[in-house]
Protein chains: 2
Amino acid sequence: MRISARADYAVRAALQLAHARDGRPLKAEAIADAQDIPHKFLEGILNDMRRGGLVLSQRGGNGGYRLAKAPEEISVADVIRVVDGPLVSVRGVRPPELSYTGPAESLLPLWVALRANVRQILDGVSLADVASAELPSRVSALTEDPASWTNP
Amino acid sequence: MRISARADYAVRAALQLAHARDGRPLKAEAIADAQDIPHKFLEGILNDMRRGGLVLSQRGGNGGYRLAKAPEEISVADVIRVVDGPLVSVRGVRPPELSYTGPAESLLPLWVALRANVRQILDGVSLADVASAELPSRVSALTEDPASWTNP
DNA sequence: ATGGATTCCCACCTGTTCGCTAGGGTTCCC
DNA sequence: GGGAACCCTAGCGAACAGGTGGGAATCCAT
């Protein structure tokens, strides 16, 4: 259950775009510098986001990238889906397409419940929420439990 | 956010062991056959579970594997941690060891909340729960929402 | 409008991990 | 002793993480 580097970088880049939201676009290298991301790797990720309709790009003199929609209308899940495919998958396929037999039959509902849980978090948090440091109450309630911060 | 093949296979093998829980151990190939898992690959996974103290192995004539503890006392999270390391990681490291700057600062609490959420599910479900098809109410409540089963 | 300068865009190239296979060694029971 | 099973190691193809280099397009200045 790991968040890939692509997903983490993509969300951070999107947050940077959501923050510096004035008329002028932001250069890829500026984002890479601010967030400490390999800038050539980041270019490929921004390209995916452009093809997915999340950002707009501008070439030339002082071009760069900017969000295609308002930060309130882009969820963290949207960003992850664009660069990484399905939010949560088992062995590369989405839960409803799996089939289990014997004593593992109830494993499918478990994965589905897990996915629903992850969706509740990531679909319900927008870039604006994170950038303004004001997470929804369902999320902040979890972070206030000190046990959430201990390792295993 | 993907469940690796190792983790999926490990849980299914553990469920098979929890089901056929009489005196005699279960052979790796019998498990591989019942759950349709490549049997040589499964042997490596069972080996990890042995080193992690989840199963006991018996060589020779009619040997095999059996659980080291009661199925009620092994959680799905225990199995995944043994074969795959930390339950949820970002770019390979655990959330508390990350550091974000600028508008991405609140990304850390978000990952922590996500991990806490996943723990609530996987730490709270035992092999016995899944094998008997009686998931805890917190989990079954999620699966009863039809929206949980739709793709995105 | 022409020539830089700047930026996006595209194609390879190296290491590492993930799934998976193959084969031989070791231990146990009959 | 001899099967039958576990155990260890090596390796292979694909995908992922990260780098490099060179275009192709666009803007700004002159």
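As the structure is a prediction and not an experimental result, all values here were calculated from the model. Computed from heavy atoms alone, side chains included, the values below leave out hydrogens, waters and symmetry copies.
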Return the value, rounded to whole Å, for the distance between atom CG of B/Leu42 and atom P of D/dC6. 9 Å

Any donor-acceptor N/O pair, B/Asp129 side chain to B/Ser126 backbone, under 3.5 Å: yes

Is the distance from OP1 or OP2 of C/dC9 to the nearest side-chain N or O of A/Tyr65 less than 4.0 Å? yes

DNA chain D: A/Arg59 or A/Ala5, which has the more 5' nearest nucleotide? A/Ala5

To the nearest 10 degrees, the angle between the two end axes of the helix from C/dC13-D/dG18 to C/dC30-D/dG1 (five pairs per end) comes to 20°

Check whether any side-chain N or O of A/Thr143 sits under 3.5 Å from a backbone N or O of A/Ser140 as a donor-acceptor pair, and report yes or no. yes

Measuring to OP1 and OP2 of D/dC8, would you say a side-chain N or O of B/Arg51 lies under 4.0 angstrom away? yes

Closest nucleotide among D/dC7, C/dC20, C/dT7 to the B/Asn47 side chain: D/dC7

Scan side-chain atoms only and decide if A/Tyr100 and B/Asp36 contain a donor-acceptor pair under the 3.5 Å cut-off. no

If I take atom NZ in residue A/Lys40 and atom C1' in nucleotide C/dC13, what distance separates them, rounded to the nearest angstrom? 14 Å

OP1 or OP2 of D/dC16 sitting under 4.0 Å from any side-chain N/O of A/Arg2? no

Rounded distance (nearest 0.5 Å) linking atom CZ of B/Arg66 with atom CD of B/Gln58: 6.5 Å

Between P on C/dG23 and CD on B/Glu43, what's the gap in Å once rounded to a whole number? 14 Å

If I take atom CZ in residue A/Arg24 and atom P in nucleotide D/dC28, what distance separates them, rounded to the nearest angstrom? 12 Å

Distance alone, cut at 3.5 Å: any donor-acceptor contact between the side chains of B/Asp78 and B/Ser75? yes

Can you tell me how far the CG atom of A/Leu107 sits from the CH2 atom of A/Trp111, to the nearest 0.5 Å? 5.0 Å

Between B/Ser57 and D/dA5, is there a contact of a side-chain N or O with OP1 or OP2 at under 4.0 Å? no

Return no unless some side-chain N or O of A/Gln58 is found under 4.0 Å from OP1 or OP2 of D/dC27. yes

Would you classify B/Arg50 as touching base, sugar-phosphate or nothing, given that sugar-phosphate means primed atoms plus P, OP1 and OP2, and contacts are heavy atoms under 4.0 Å? sugar-phosphate

Give B/Gly64 one of three labels, base, sugar-phosphate or nothing, depending on what nucleic acid heavy atoms sit under 4.0 Å from its own. sugar-phosphate

Within the pair B/Asn62 and D/dA5, is there a side-chain N or O less than 4.0 Å away from OP1 or OP2? no

Atom-to-atom span, CD of B/Glu29 to P of D/dA4 - whole angstrom: 12 Å

Exam field: side chain A/Arg12 to backbone A/Gln35, donor-acceptor pair closer than 3.5 Å: yes

Where the side chain of B/Ser4 is defined as all heavy atoms beyond and including C-beta, which of C/dC28, C/dG19, D/dG18 is the nearest nucleotide? C/dG19

